[in-house]
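Take a look at the structure below.
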There are 2 protein chains.
Amino acid sequence: MSERRGYRSKAPTPALERLATYFAALSDLKRSHPETISSADIEERTGINAAQFRKDLSYFGEFGRPGIGYITDELQSRIARILNIEKIQPVLLVGTGNLGSALMGYPALRVGNFQIVAAFDNNRQKIGRRLWNLTVQDIADLTNANNDLHAKIAIITVPAASAQDVAEQLIQAGIRTILNFAPTALRLPPDVMVRNVDFMQELAVLSFHLPDNENH
Amino acid sequence: MSERRGYRSKAPTPALERLATYFAALSDLKRSHPETISSADIEERTGINAAQFRKDLSYFGEFGRPGIGYITDELQSRIARILNIEKIQPVLLVGTGNLGSALMGYPALRVGNFQIVAAFDNNRQKIGRRLWNLTVQDIADLTNANNDLHAKIAIITVPAASAQDVAEQLIQAGIRTILNFAPTALRLPPDVMVRNVDFMQELAVLSFHLPDNENH
DNA sequence: TAGATTGTTAATCGATTAACAATC
DNA sequence: TAGATTGTTAATCGATTAACAATC
């Protein structure tokens with residue numbers, strides 16, 4: 001994970017990441033729907049320290065009642081409000097290769113109210129094809145398509161060599177934040193937030209920590 | 001990203017993540033193979049501050065020469081050595097759904113010398129099928145298979161409900177570090193390192209930062 | 001009231017950045 | 001020697017943790 005932002009929020013980014021984790025845990029909990037839940041319960045379910053949880057919430061107000069805990073439903077919906085996911089968030093995806101296609105069909109995104117509403121490619125073979133419930137569109141039609149869709153979030157799953165170019169087109173089309181899977185650094189205006197997901201990087205950190213590595 | 005470790009290395013985890021980024025950038029650079037490279041050049045290419053780069057290296061010794069910079073090849077191979085990726089690292093994958101399959105065919109993993117050497121599933125429909133260059137094996141054969149393969153790293157791409165169970169089987173089979181794509185917290189012995197990749201979480205942080213969100 | 005649990009403060013811990021002496 | 005660039009120190013900045021008064 002890495003990111004850039006053009007302004008500063010009080011809450012640390014790790015706190016925001018954990019808020020998403022709390023949200024997912026609460027969604028999961030809904031089946032057994034207990035009326036209330038304590039920070040100790042959250043620690044139990046997420047592995048995140050109870051004090052950390054309370055601190056994370058405190059950036060955004062007061063949520064619980066001393067001696068009681070949190071009303072489960074209310075907690076979940078307030079976290080959704082903070083993360084800006086109460087309503088469905090439309091997301092564009094560019095690059096309909098194996099990874100892009102897998103993300104389009106990834107069920108866990110729905111938990112967070114994210115919906116991939118359009119998929120783009122530059123490959124003639126793929127444009128016009130049906131993929132999941134969408135028709136792959138020509139990348140050249142990006143701006144046109146987003147005039148109607150008004151998506152502000154996009155996912156980039158193109159090869160590294162074309163990622164910068166695609167990112168710039170996305171911004172032209174009104175995108176404000178990007179989840180970038182291409183292993184390359186994007187250079188974009190400071191008001192555009194980028195988060196990078198790099199599988200090789202993740203594996204490298206694991207490899208470093210293997211017991212046979214002398215470099216600890 | 002998140003993790004657990006049972007011991008402590010001097011280098012901060014963010015430094016290790018950046019080392020992987022430097023490594024990838026150097027691999028990329030190889031085409032134009034300049035003899036030497038400076039920390040300022042690295043900043044140019046990765047967006048990571050030059051002082052940060054030098055600091056990150058300093059956890060592991062001295063690498064460059066004042067007034068000159070770093071010998072490109074040597075820098076790359078020393079970083080590979082630190083990250084424990086000079087030799088091919090065998091990796092197991094469990095869960096051959098869309099995401100698992102996409103990862104098996106993901107070319108960027110080869111840059112880091114990672115090779116998925118076996119794929120497992122519990123679905124009768126999938127076991128025995130050819131996927132990329134591998135035959136999908138029964139999860140029940142995990143330990144047997146890894147007796148030969150000696151992989152220490154595994155990737156989990158199964159549904160959240162079965163992730164804990166799979167993780168425990170992986171540890172039984174000799175796996176020491178896990179890259180977990182299932183959106184659930186794994187409870188494992190402290191000497192097993194886990195890194196979680198959570199797409200919903202990534203999107204949630206982006207959603208939080210959208211200009212229309214009042215909670216900044 | 002006694003027990004439980006919050007929200008917040010203060011202390012600790014960790015990571016980044018800037019500056020610069022050392023050195024090629 | 002003059003210019004470039006490292007490795008490292010010290011200062012700054014940021015995040016986590018523990019403790020506890022407030023409160024249900």
Side-chain angles (χ1 to χ4, degrees), chain A residues 1-5 7-22 26 34-72 74-76 78-79 82 205 208 216, chain B residues 1-5 7-22 26 34-72 74-76 78-79 82 205 208 216:
Chain A
M1 163 269 316
S2 75
E3 76 193 65
R4 269 192 298 150
R5 55 163 105 70
Y7 48 87
R8 199 137 269 292
S9 123
K10 287 180 317 269
T13 301
L16 300 174
E17 294 171 351
R18 289 187 297 265
L19 282 174
T21 300
Y22 307 142
L26 289 167
E35 192 80 15
T36 64
I37 189 169
S38 70
S39 58
D41 294 333
I42 293 281
E43 175 165 0
E44 175 90 13
R45 295 187 157 264
T46 62
I48 298 166
N49 181 282
Q52 177 96 265
F53 168 76
R54 298 198 302 276
K55 180 75 171 156
D56 289 343
L57 290 183
S58 76
Y59 294 111
F60 302 101
E62 306 193 352
F63 291 66
R65 287 212 272 172
I68 309 289
Y70 306 82
I71 297 171
T72 312
E74 185 193 315
L75 180 60
Q76 192 195 18
R78 286 192 64 184
I79 293 177
I82 292 166
V205 175
F208 172 87
H216 293 160
Chain B
M1 165 270 316
S2 77
E3 75 191 69
R4 269 190 301 150
R5 57 162 101 73
Y7 48 86
R8 200 137 268 294
S9 120
K10 288 181 316 270
T13 300
L16 299 174
E17 295 172 350
R18 288 188 297 265
L19 282 174
T21 300
Y22 307 142
L26 290 167
E35 192 81 13
T36 64
I37 189 171
S38 70
S39 58
D41 293 334
I42 293 282
E43 175 166 0
E44 175 90 11
R45 294 189 158 262
T46 64
I48 298 166
N49 179 283
Q52 177 97 265
F53 167 76
R54 298 197 303 275
K55 180 75 171 157
D56 289 343
L57 290 184
S58 75
Y59 295 111
F60 303 99
E62 305 193 351
F63 290 68
R65 288 212 272 173
I68 309 289
Y70 305 83
I71 297 171
T72 313
E74 185 193 314
L75 179 60
Q76 191 194 19
R78 286 193 65 185
I79 293 177
I82 292 166
V205 174
F208 172 86
H216 292 160

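Chain letters run A, B, ... following the sequence lines, proteins first, then strands; residues in each count from 1. Only a predicted model underlies this, so the values are computations on that prediction, with no experimental measurement involved.
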- Task: I would like to know whether B/Leu26 and B/Thr72 meet side chain to side chain contact (heavy atoms under 4.5 Å, CB included); could you show each step before the answer?
- Result: CA-CA 7 Å; B/Leu26 290 167; B/Thr72 313; 3.9 Å; yes

- Task: Go through B/Tyr70 and B/Tyr22 one step at a time and tell me if the ring-ring contact (aromatic ring centres under 6.0 Å, His included) criterion holds.
- Result: CA-CA 12 Å; B/Tyr70 305 83; B/Tyr22 307 142; 9.8 Å; no

Rounded distance in Å - [atom1] ([X]) to [atom2] ([N]):
X: B/Lys55; N: C/dG14; atom1: NZ; atom2: P; answer: 14 Å
X: B/Phe60; N: D/dT8; atom1: CZ; atom2: P; answer: 13 Å
X: B/Tyr59; N: D/dT8; atom1: OH; atom2: P; answer: 12 Å

- Query: Is it true that atom CD of A/Glu44 has more than 12 heavy atoms of other residues, nucleotides or ligands lying nearer than 6.0 Å?
  - Reply: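 No, because the 6.0 Å sphere around CD of A/Glu44 holds 12 heavy atoms or fewer from other groups.
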
- Looking at side-chain heavy atoms only, is the closest gap between B/Ile37 and B/Ile42 below 4.5 Å?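 Of all side-chain heavy-atom pairs linking B/Ile42 with B/Ile37, at least one is under 4.5 Å.
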
- B/Leu75 vs B/Leu57 side-chain heavy atoms within contact, under 4.5 Å: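 Side chain of B/Leu75 against side chain of B/Leu57, heavy atoms only: contact under 4.5 Å found.
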
Provide a list of protein-nucleic acid N or O atom pairs under 3.5 angstrom, restricted to nucleotides 4-6 of chain D.
| residue | atom | partner | partner atom | Å |
| --- | --- | --- | --- | --- |
| D/dT5 | O4' | B/Gly67 | N | 3.0 |
| D/dT5 | O2 | B/Gly67 | N | 3.2 |
| D/dT6 | OP1 | B/Ser39 | N | 2.7 |
| D/dT6 | OP2 | B/Ser39 | OG | 2.6 |

- Item | Partner nucleotide of C/dG14 by Watson-Crick or wobble geometry (both distances under 3.5 Å) |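 Pair assignment: C/dG14 / D/dC13.
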
- Task: If D/dT23 has a Watson-Crick or G-U wobble mate with both distances under 3.5 Å, name it; if not, just say none.
- Result: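 Partner of D/dT23: C/dA4.
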
- Taking the side chain of A/Pro14 as heavy atoms from C-beta outward, which of C/dA18, D/dT17, D/dT16 is closest to it?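 Of C/dA18, D/dT17, D/dT16, D/dT16 is nearest to the side chain of A/Pro14.
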
- Cation over ring, B/Arg78 on B/Phe60, under 6.0 Å and within 45°?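 No, B/Arg78 does not sit over the ring of B/Phe60.
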
